[in-house]
Protein chains: 2
Amino acid sequence: MSKKPLHSDPPLVKPLPVAKGGSVAPAPFRVRSKAPAQPLTPFQRESIDLFVGAFSVLSLPRSLGEIYGLLYSSEEPLAFDDLVTRLDLSKGSVSEGLRLLRSLGAVNLVPIEGSRKDHFTAETSLRRLAGGYLRDRIEPYLRGGESRIELLRKVSATDSERNDFQQKRINQLLSWHRFFARVLPVFKALAGKI
Amino acid sequence: MSKKPLHSDPPLVKPLPVAKGGSVAPAPFRVRSKAPAQPLTPFQRESIDLFVGAFSVLSLPRSLGEIYGLLYSSEEPLAFDDLVTRLDLSKGSVSEGLRLLRSLGAVNLVPIEGSRKDHFTAETSLRRLAGGYLRDRIEPYLRGGESRIELLRKVSATDSERNDFQQKRINQLLSWHRFFARVLPVFKALAGKI
DNA sequence: CGACTTGTTCAAAAATAATCGAACAAGATT
DNA sequence: AATCTTGTTCGATTATTTTTGAACAAGTCG
C-alpha cells in the first residue's frame, strides 16, 4: 500500500543527479541519447535550495524554484534539455514551469547563435521579478476587489437591518483597498532602485 | 430573519446552509437532527465570498476565508458552534481554522458574559492583520535567509571556478535580502496608519 | 519525403493539502 | 460520581495541485 514517504529529508533539495564515481561502467554499444547529466555544482545546489524555499513562501511549486534556482546559479544560458536532465524533471514539468516563469517575467528566452534549442536565463532585476509577480498574482484580485465591494454595498442596501454596521465594514474594506492600491506602486518603485 | 436568499454567485462560495424550499424535494421531513442552521444574510455571503478570494490570494485555505468572512460580517461575536453550523464545516475544521487564524492574529477570542462557549470576533486592525501574516509567514523565511546566503558564500569559497560570477550573485542576494528587511517594517508602519 | 530534434499538450498518476469525524479531554451541571 | 457541553486531536478520507509520460505538432536536415 502507500508507503510512508521515508525521505522526510531535512534538506529542501530533492535528490538530484550527482557525479557517479563508478567509472567501471561497461558502456555497451553507444549510449542511447541518455545524456550523462552534468552534475550540479555545490553552488548550484545551494542556490536551488534557496530558491525552492523562497518560491514555497509564495506557494509556488518546487519545480519552479528548481528551474529558477539552476538558471540563477548558472553563468551561461541553459537549454531546455539541460534543465530536464540536470534537475531530473520531466519534459512536461520543465515546459510548464518555463511557461509560468516566463509569464511571470522571471525567466528570459535568449537566442543562442547556431543552436536551434531554446536557451534560458534567470531574470535578475528585482523590479521585473517583483513587478511580474504582483502583476500576475496580486493585482488581478485587487482590481476585482473594487467591484466586489460595490456588490457588497448593493446587497447591503437591500438589507434594512444592521445597516450602519455593514456600512462601517464596507468603508473599511474600501480603505483597505485604497491602501493596497497605493502601496503596491510604491513597493514596485522601491524595488526598482535595487 | 427575512431576506430571501438571492444566490447570484458565479461561485467562489461553496453551497452553504440556506433556507430550505427552492429545490426539487418538498419533503421537509428529513431535518437535521441538530438545530437548523440560521441562514446567512446576503451581506454575510458576499463577505465570505470576498474573503475566501482574498485568502486564496495568500494561498490560505477556503475554510479560513469562510470563518474570517463570517466573523467579519457579523456584528456580534459568534460561538464556535455558530461557525460549525452556519458554515457547514466540521468541528475539526473550525477548531483548526480558528487556531490558525488566532495565531495569525486575525481572530480574537472574546469572553461572553454568562456563556461558557468560546466566542470569536474578526480582528479588523490592518496593522495587526498584516503584521500577523508577515510575522508568521514571511519573516521566518527572511530570517533564515541570512544564513542561507552565508552558506552559499562558504560553498562558493570551495569552488575555485566561476568565482566572480558567484560573488556577483551572492552580493545580489544580500542586497535583495536587505531590501526586504527594510521594506517590511515600512509596510507595517504604513498599515498602522489605516 | 522520411527520419530526427525540440518542445508542447493533456490525461493520468503521484504527491500534497484540506477537511471530516469519531474518540477523547476538560470542565460544568445535576 | 455520572452526565452533559464544549472544544481539541489526529488518523482517515477527500480534494486539489503537481508531476509525469506518452502522443503529438512543428520544425530541420539530408
Side-chain angles (χ1 to χ4, degrees), chain A residues 1-9 12-16 30 32-35 52 55-68 77-85 87-103 107 109-112 114-120 137, chain B residues 11-17 32-35 52-53 55-68 77-85 87-103 107 109-120 137:
Chain A
M1 299 314 183
S2 63
K3 52 206 162 185
K4 197 84 192 227
L6 283 182
H7 57 7
S8 52
D9 35 19
L12 271 169
V13 269
K14 75 170 184 190
L16 289 169
R30 202 197 239 158
R32 200 79 174 106
S33 59
K34 202 69 164 193
V52 166
F55 276 55
S56 98
V57 167
L58 304 178
S59 302
L60 294 173
R62 150 178 294 271
S63 64
L64 293 202
E66 293 183 357
I67 294 170
Y68 185 84
L78 296 184
F80 182 94
D81 204 49
D82 294 330
L83 293 168
V84 171
T85 59
L87 294 172
D88 195 27
L89 289 171
S90 69
K91 290 201 295 175
S93 288
V94 171
S95 179
E96 171 64 8
L98 285 171
R99 198 188 57 70
L100 218 162
L101 287 169
R102 275 203 283 164
S103 84
V107 157
L109 173 56
V110 300
I112 293 290
S115 169
R116 71 185 173 100
K117 297 185 182 182
D118 290 352
H119 284 71
F120 302 90
R137 320 288 286 207
Chain B
L12 266 169
V13 268
K14 74 168 186 194
L16 288 170
R32 284 241 185 107
S33 47
K34 294 307 183 84
V52 166
F55 276 55
S56 98
V57 168
L58 305 178
S59 301
L60 294 173
R62 151 178 293 273
S63 64
L64 294 202
E66 293 184 352
I67 294 170
Y68 185 83
L78 296 183
F80 181 94
D81 204 49
D82 294 329
L83 293 168
V84 171
T85 59
L87 294 172
D88 196 27
L89 290 170
S90 69
K91 291 201 295 175
S93 289
V94 171
S95 179
E96 172 63 7
L98 285 171
R99 198 188 57 69
L100 218 162
L101 287 170
R102 274 203 282 164
S103 85
V107 157
L109 173 57
V110 299
I112 293 290
E113 178 80 21
S115 168
R116 71 188 172 97
K117 297 185 182 183
D118 290 352
H119 283 71
F120 302 90
R137 319 289 285 207

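What you see is a predicted model; the values in this text were computed from it and never measured. Naming convention: chains lettered A, B, ... in sequence-line order (proteins, then strands); numbering from 1 in each chain.
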side-chain contact (heavy atoms from CB on, under 4.5 Å) partners of [X], counting only residues at least two apart:
| X | result |
| --- | --- |
| K117(B) | A79(B), D81(B), S115(B), H119(B) |
| S103(A) | L100(A), D136(A) |
| R102(A) | V107(A), L109(A), F120(A) |

[X]: side chain to side chain donor-acceptor pair (under 3.5 Å) partners, not counting sequence neighbours:
| X | result |
| --- | --- |
| S93(A) | S90(A) |
| S59(A) | S59(B) |
| R99(A) | E96(A) |

Nearest-Å distance for atom pair [atom1]/[atom2], residues [X] and [N]:
| X | N | atom1 | atom2 | answer |
| --- | --- | --- | --- | --- |
| L89(B) | dA15(D) | CG | C1' | 14 Å |
| L100(A) | dT19(D) | CG | C1' | 14 Å |
| R62(B) | dT17(D) | CZ | P | 11 Å |

What does the inter-axis angle of the helix from dC1(C)-dG30(D) to dT30(C)-dA1(D) come out as, five pairs per end, nearest 10 degrees?
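Computed from the C1' atoms at both ends, the axes differ by 0°.
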
Using ring-ring contact (aromatic ring centres under 6.0 Å, His included) as the criterion, list what pairs up with F80(A), not counting sequence neighbours.
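F80(A): no ring-ring contact (aromatic ring centres under 6.0 Å, His included) contacts found.
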
Are OP1 or OP2 of dG21(D) and a side-chain N or O of S90(A) less than 4.0 angstrom apart?
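It does not, given that no N or O in the side chain of S90(A) lies less than 4.0 Å from OP1 or OP2 of dG21(D).
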
N/O to N/O distances under 3.5 Å, protein versus nucleotides 5-10 of chain C:
{"unit_1": "dT5(C)", "atom_1": "O4'", "unit_2": "R116(A)", "atom_2": "NH2", "d": "3.1"}
{"unit_1": "dG7(C)", "atom_1": "OP1", "unit_2": "D118(A)", "atom_2": "N", "d": "2.2"}
{"unit_1": "dG7(C)", "atom_1": "N7", "unit_2": "K91(A)", "atom_2": "NZ", "d": "2.9"}
{"unit_1": "dG7(C)", "atom_1": "O6", "unit_2": "K91(A)", "atom_2": "NZ", "d": "3.0"}
{"unit_1": "dT8(C)", "atom_1": "OP2", "unit_2": "S95(A)", "atom_2": "OG", "d": "2.7"}
{"unit_1": "dT8(C)", "atom_1": "O5'", "unit_2": "S95(A)", "atom_2": "OG", "d": "3.4"}

Shortest non-hydrogen contact from I67(B) toward G97(B)
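In terms of heavy atoms, the two residues are closest at CD1-CA, 4.1 Å.
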
